[in-house]
Amino acid sequence: MNRVDLAQKLNDIIANYNNVSSDVEAFFKALKEYAEQLREEEKRAAAEGLTEEELEIFDLLFKDELSQADKDKVKRAAQHLLQKLQDVDTRKTVLTVDWYKDVMLQGRVKKLLGDILDKELPNSYDTQQFTEKRDTVYQHVYKLAAQGQRYWA
């Protein structure tokens, strides 16, 4: 389970508790399971040699049946993409406040992601896979921005 799924799971646990106001014991059991899954993700990030944020992007970019060399390229792509998202110049010019509300800025963010991934992803990604991965990462970054969260804060 990746970090995006874990975040959704926590939201589901809380929503279920708030809506049902039921079994407190079941609520705490679900929270305990969630905490264990979170620890497993932390261990996986360490095993992959990535930060948790890098692992999140790596999971979005990953595809089955990658060679070790291609897997390493995808890791580097995740790292470079995160570095670019956190870059001060990028935040001043592309990831400005409320960029997700402006169609032109949305296009600039999508282009930025596409340019980085085009340089970084292995050649084993065909055009359809590349487009799908770029769009997946864009939607993730967009969703974080719309929720007031971001990698670049």
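Atoms considered below: every heavy atom in the structure, side chains included; atoms not considered: hydrogens, waters and symmetry mates.
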**Prompt:** By salt bridge (charged side-chain N to carboxylate O under 4.0 Å, His left out), which residues pair with Lys75, not counting sequence neighbours?
**Reply:**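 Glu48.
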**Prompt:** Would one find more than 12 heavy atoms of other residues, nucleotides or ligands at under 6.0 Å from atom CD of Gln68?
**Reply:**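 Counting neighbours around CD of Gln68, more than 12 heavy atoms of other residues, nucleotides or ligands fall under 6.0 Å, so yes.
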Tell me, do [X] and [Y] make a side-chain contact under 4.5 Å, heavy atoms counted?
| X | Y | result |
| --- | --- | --- |
| Thr127 | Phe130 | no |
| Val141 | Trp99 | yes |
| Tyr125 | Leu66 | yes |
| Glu65 | Ser124 | no |
| Leu105 | Leu95 | no |
| Lys84 | Leu112 | yes |
| Lys71 | Phe58 | yes |
| Glu52 | Glu56 | no |

Atom pair [atom1]/[atom2] of [X] and [Y] - distance to nearest 0.5 Å:
| X | Y | atom1 | atom2 | answer |
| --- | --- | --- | --- | --- |
| Asp89 | Thr93 | CG | OG1 | 6.5 Å |
| Gln139 | Leu60 | CD | CG | 11.0 Å |
| Lys73 | Leu61 | NZ | CG | 14.5 Å |
| Thr51 | Gln79 | OG1 | CD | 7.5 Å |

Short question: side chain of [X], backbone of [Y] - any donor-acceptor pair under 3.5 Å?
| X | Y | answer |
| --- | --- | --- |
| Tyr138 | Lys133 | no |
| Gln129 | Asp126 | yes |
| Thr96 | Lys92 | no |

**Request:** Over all heavy atoms of both residues, which pair between Pro122 and Asp70 is shortest? Give the atoms and the distance, please.
**Result:**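 For Pro122 versus Asp70, the nearest heavy atoms are CB-OD1, 3.2 Å.
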**Item:** Glu54 to Leu50 - nearest heavy-atom pair and separation
**Value:**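 Glu54 and Leu50 have their closest heavy atoms at OE1-CA, 3.4 Å.
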Less than 3.5 Å apart, which donor and acceptor atoms pair up between the side chains of residues 113-120 and the rest of the protein, not counting sequence neighbours?
residue, atom, partner, partner atom, Å
Asp115, OD1, Lys111, NZ, 3.4
Asp115, OD2, Lys111, NZ, 2.7
Glu120, OE1, His80, ND1, 2.9
Glu120, OE2, His80, ND1, 2.9

**Message:** Would you say Asp102 and Gln106 are linked by a side-chain donor-acceptor pair, where the criterion is simply a distance under 3.5 Å?
**Reply:**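 Short answer, no.
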**Item:** Stepwise side-chain contact (heavy atoms from CB on, under 4.5 Å) test for Lys110 and Tyr142
**Value:** CA-CA 10 Å; Lys110 197 171 212 176; Tyr142 179 93; over 6 Å; no
**Message:** Closer than 4.0 angstrom, basic N to acidic O: yes or no for Lys101 and Asp98?
**Reply:**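 The answer is yes: the pair qualifies as a salt bridge.
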